[in-house]
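Since the structure is predicted, the reported quantities are computational estimates derived from the model, not experimental observations. By convention here, the first residue in the shown sequence is residue 1. Values below: all heavy atoms of this structure, side chains included; hydrogens, waters and symmetry mates excluded.
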Amino acid sequence: MELRIFYDGNCPLCSAEMRQLKARDPDNLIALENLNAPDFSQRFSYIDKNYANTILHGETATGEILLGLDVTCKAWALTGTRSWIQLLRLPIIKPVADWLYLRFAKNRYRISYLLTGKARCDDNCQLPTKRR
């Protein structure tokens with residue numbers, strides 16, 4: 001495992017992205033942990049679940065905690081796909097991308113509803129994913 005991602009399994013868009021990541025991760029470099037799992041707090045007491053619900057959290061193999069788009073960029077880099085996402089870390093783009101990401105994260109249920117017709121899922125989302 002190179003990266004563990006702590007994600008909101010009740011968010012349709014979040015769950016869809018995690019499924020897409022795992023579909024492109026044949027070497028199992030990415031581990032996924034649903035923040036809503038009943039035993040999450042016991043297994044990951046060092047992760048503030050409330051804060052992790054406001055911004056995506058990730059943990060590298062060395063124990064470094066990554067936040068927001070840093071997690072997304074690291075994850076897609078590990079899959080060797082969607083290399084354009086790394087542009088979001090360029091110094092001139094990073095502040096704007098991070099600001100937009102935080103707005104997205106705050107409104108992800110509303111955005112999910114607009115895009116999928118479903119604001120939240122029970123336990124695990126089972127929405128179809130499209131490969132591009």
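The number of heavy-atom neighbours closer than 6.0 Å to CD1 of Ile92, taken from other residues, nucleotides and ligands shown, is 12 or below. A 6.0 Å sphere centred on NZ of Lys106 holds no more than 12 heavy atoms belonging to other residues, nucleotides or ligands. Residue-environment remark: CZ (Phe104) exceeds the threshold of 12 foreign heavy atoms within 6.0 Å.
Using a cutoff of 4.0 Å between basic side-chain nitrogens and carboxylate oxygens, Arg43 and Glu33 are scored as salt-bridged.
For the atom pair CG of Leu3 and CD of Glu59, the computed distance is 9.0 Å after rounding to the nearest 0.5 Å. With values rounded to the nearest 0.5 angstrom, Leu35 atom CG is found 9.5 Å from Asn10 atom CG. In this structure, CG on Leu66 lies 9.5 Å from CG on Leu56, to the nearest 0.5 angstrom. For the atom pair Met1 CE and Thr60 OG1, the distance stands at 7.5 Å (nearest 0.5 Å). Distance check, rounded to the nearest 0.5 Å: OH of Tyr46 to OG of Ser41 gives 12.0 Å.
Distance alone, capped at 3.5 Å, is enough to place a donor-acceptor pair between the Ser15 side chain and the Gly9 backbone. Here the side chain of Arg108 pairs a donor or acceptor atom with the backbone of Ala105 at under 3.5 angstrom. No side-chain donor-acceptor contact under 3.5 Å links Asn107 to the backbone of Ile111. Side-chain atoms of Ser45 do not come within 3.5 Å of backbone N or O of Gln42 as any donor-acceptor pair.
Residues Asp27 and Leu78 form no side-chain contact, since every pair of their non-hydrogen atoms from C-beta on lies 4.5 Å or further apart.
Remark: Asp98 pairs with Leu69, Arg89, Lys94 by the side-chain contact (heavy atoms from CB on, under 4.5 Å) rule, at least two apart or across chains. Not counting sequence neighbours, the partners of Tyr51 by the ring-ring contact (aromatic ring centres under 6.0 Å, His included) test are His57.
Under 3.5 Å, the side chains of Asn36 and Asn34 contain a donor-acceptor pair of N or O atoms. Looking at Tyr109 and Asp8, their side chains do bring a donor and an acceptor atom within 3.5 Å of each other. Trp76 and Glu17 share a side-chain donor-acceptor pair at under 3.5 Å.
Connection of Leu102 to Ile93 is established within a shared hydrophobic cluster, with ILVMFWY side chains joined at heavy-atom distances below 4.5 Å, either directly or through further cluster members.
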